[in-house]
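Notes for the one structure printed next.
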Amino acid sequence: MALFEILLVPLLMSASCFALYGSNSDVVELTESNFDKLVIKGDEIWIVEFFAPWCGHCQHFAPEYQKAATRLKGVVKVGAVNADEHKSLSSRFSVSGFPTVKIFGGNKYSPEDYNGQRTAQGLIDAAVAAIKTKVKGGTSGSGKESKNDDVIELTDSNFDKLVLQSDDMWLVEFFAPWCGHCKNLAPHWAKAATELKGKVKLGALDATVHQAKAAQYGVKGYPTIKFFNSGKKSVSSAEDYDGARTSSDIVTWALEKLAQNVPPPEIVQLTNEMYFKEHCDKPLCVIAVLPHILDCQSECRNDYLKTLTKIGERFKQKMWGWLWSEAGAQSELEGALDIGGFGYPAMAVMNSKKLKYSILRGSFSETGISEFLRDLSYGRGNTASIRSGQLPKIEDITPWNGRDGELPPEEDIDLSDVDLNEKDEL
């Protein structure tokens with residue numbers, strides 16, 4: 001064989017490998033220049049193969065892929081990316097082997113991996129499933145554009161109003177759609193947002209689109225997560241999130257921040273059923289029964305309330321409810337919790353969901369109550385079931401006016417109309 005022929009054969013083989021799909025093929029050639037326009041910004045569902053021309057598995061797969069493209073014509077778009085020529089695309093979508101097939105359905109920024117058989121029918125079945133998902137309003141991925149989770153979409157225009165001008169606590173992710181770490185974080189971020197709903201808000205901002213906010217917060221890598229405390233906020237008050245990136249880690253980190261910043265609990269007088277439900281629909285409910293106002297005047301009562309407030313500050317991270325009642329005002333509650341038999345003040349801690357309670361047996365003092373609550377927080381201490389197996393009825397009473405108690409005035413007895421004779425005399 002001539003030297004020219006020896007050199008020509010590998011070149012011809014190379015050319016045939018690059019042309020897995022001919023110019024007349026129903027497989028659309030995708031490149032770095034047309035990918036976003038056709039796939040990402042288009043409304044159609046796409047099946048995309050990332051291949052390498054020298055890959056034997058890709059060459060064997062080509063006829064089946066071609067057949068699927070022909071049968072799906074007009075229904076689902078089928079494309080192919082030469083990953084050797086367009087390395088940035090394969091890197092963007094975390095392609096590590098060939099052939100890799102991805103389905104770009106409802107969420108174009110987070111395509112679904114195709115793991116079915118490498119046959120035309122397998123591809124067609126996957127395409128039909130993607131169509132059904134899109135028609136039902138779902139997404140085939142789990143990235144930030146999903147409208148079905150509790151992650152709030154943030155933009156340059158709504159960021160200040162939603163985050164900085166609110167009293168809520170926020171965790172905000174600055175992400176890039178092509179970022180592999182961002183895509184890995186997406187399902188965890190969505191799950192954490194659901195678990196933290198009503199406590200801490202989770203938002204996401206596409207930093208490639210909303211570049212002004214990303215620059216304002218010095219975002220240089222993805223994902224970047226910033227924490228915004230409750231209350232008044234500013235750009236400089238944002239903190240870097242330094243926790244791990246699983247949903248449980250995000251939830252734990254956020255709840256710790258919430259507990260650190262939560263104000264001390266208000267020690268509320270139990271005057272109606274609404275207060276009882278509001279403050280006892282929590283992990284635990286601390287109920288103090290203070291002496292009657294005639295037995296412990298305003299100064300005495302306020303001293304007890306100051307002690308309870310100080311202890312409430314110490315245990316505020318537990319997010320418990322705190323109530324107080326005057327002795328005898330809620331007799332059914334006292335009976336259900338076995339309070340009062342040994343005098344006042346008294347205290348019980350109740351779990352309204354389990355219908356269990358524990359009673360303070362030590363001194364009603366800062367030290368005694370703190371030790372009692374600390375033991376409960378560690379799962380120690382004796383518990384009993386609430387009497388009758390149901391929550392007691394709460395009476396509507398008039399709130400304490402903050403003043404000393406007064407004995408009811410004695411009635412003056414008018415004896416002017418009474419006719420006393422000697423026998424009636426004492």
Side-chain angles (χ1 to χ4, degrees), residues 32 35-37 40-41 88-89 91-94 107-110 139 141-263:
E32 292 167 345
F35 191 94
D36 280 8
K37 179 180 179 181
I40 302 299
K41 296 180 181 179
S88 64
L89 286 176
S91 174
R92 174 177 171 182
F93 294 104
S94 304
N107 185 350
K108 297 296 185 71
Y109 293 106
S110 185
T139 63
S142 56
K144 292 295 165 296
E145 289 201 344
S146 172
K147 301 296 188 261
N148 297 325
D149 58 31
D150 294 305
V151 177
I152 299 169
E153 183 180 356
L154 297 171
T155 65
D156 282 340
S157 59
N158 71 10
F159 191 98
D160 287 358
K161 180 179 180 181
L162 294 181
V163 180
L164 299 186
Q165 296 171 16
S166 77
D167 291 328
D168 300 309
M169 190 174 288
W170 280 81
L171 276 173
V172 176
E173 177 201 3
F174 295 82
F175 72 96
W178 44 261
C179 160
H181 293 301
C182 302
K183 288 185 281 187
N184 291 335
L185 175 63
H188 294 282
W189 197 248
K191 185 177 180 182
T194 299
E195 293 186 30
L196 290 167
K197 192 172 184 179
K199 301 181 181 72
V200 179
K201 290 187 175 181
L202 267 67
L205 182 139
D206 184 342
T208 65
V209 175
H210 307 287
Q211 297 178 9
K213 281 298 167 190
Q216 191 175 22
Y217 289 95
V219 175
K220 297 179 180 178
Y222 308 112
T224 291
I225 301 173
K226 297 282 185 179
F227 169 71
F228 297 83
N229 210 336
S230 56
K232 188 177 180 180
K233 307 175 185 66
S234 65
V235 175
S236 60
S237 67
E239 301 176 29
D240 289 328
Y241 171 82
D242 57 3
R245 293 179 180 177
T246 67
S247 59
S248 60
D249 289 318
I250 295 166
V251 169
T252 299
W253 194 95
L255 290 179
E256 287 179 355
K257 282 291 186 181
L258 181 66
Q260 290 171 13
N261 293 279
V262 71

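Source: prediction; values computed, not measured.
A distance-only check finds no donor-acceptor pair linking the side chain of Lys108 to the backbone of Lys41 [under 3.5 Å]. Side-chain atoms of Thr252 never come within 3.5 Å of backbone atoms of Asp249 as a donor-acceptor pair (strictly under, hydrogens ignored). No donor-acceptor pair under 3.5 Å is formed between the side chain of Lys191 and the backbone N or O of Thr246. When atom types are taken as modelled, the side chain of Asp156 and the backbone of Lys213 share a donor-acceptor pair closer than 3.5 angstrom.
At least one side-chain heavy atom of Gln165 sits less than 4.5 Å from a side-chain heavy atom of Asp160. Between Leu202 and Asp150, the closest side-chain pair of non-hydrogen atoms is not below 4.5 Å. Between Glu173 and Cys182 there is a side-chain heavy-atom pair separated by less than 4.5 Å. For the pair Val209 and Thr155, the minimum side-chain heavy-atom distance is 4.5 Å or more. Counting heavy atoms from C-beta outward, Leu185 and Ile225 have side chains that approach closer than 4.5 Å. Considering only heavy atoms from C-beta on, Asp206 comes within 4.5 Å of Pro177 through its side chain. Between Ser166 and Lys201, the closest side-chain pair of non-hydrogen atoms is not below 4.5 Å. When side chains are defined from C-beta on, Leu162 does not count as touching Val172, because their heavy atoms never get closer than 4.5 Å.
For the atom pair NE2 (His210) and CD (Gln216), the distance works out to 14.0 Å, reported to the nearest 0.5 Å. Atoms CG and CG, on Asn229 and Asp167 in that order, are 11.0 Å from each other to the nearest 0.5 Å.
Between Phe228 and Phe159, the gap from one ring centroid to the other is short of 6.0 Å. Here the two rings, on Trp189 and Phe175, have centers that are 6.0 Å apart or farther.
Summarising the geometry of Lys257 relative to Glu239, their closest heavy-atom pair is NZ-OE1, 3.0 Å, with the distance given to 0.1 Å. Contact detail for His181 and Arg245: the closest heavy-atom pair is CB-NH1, 4.5 Å. Pairing each heavy atom of Leu89 with each of Glu32, the nearest pair is CD1-N, 3.8 Å. Shown here for Asn184 and Pro187, the closest heavy-atom pair between the two residues is O-CD, 3.5 Å. Minimum interatomic distance between Ala207 and Ala214 (heavy atoms only, all atoms of both residues): CB-CB, 3.7 Å. Closest approach of Ile250 and Leu171 over heavy atoms only: CG2-CD1, 4.0 Å.
Exactly one residue among Trp253, Tyr217, Tyr241 makes a ring-ring contact (aromatic ring centres under 6.0 Å, His included) with Phe227. That residue is Trp253.
Ring geometry for Phe35 against Phe93 counts as tilted: the plane angle lies between 30° and 60°, on a 0 to 90° scale.
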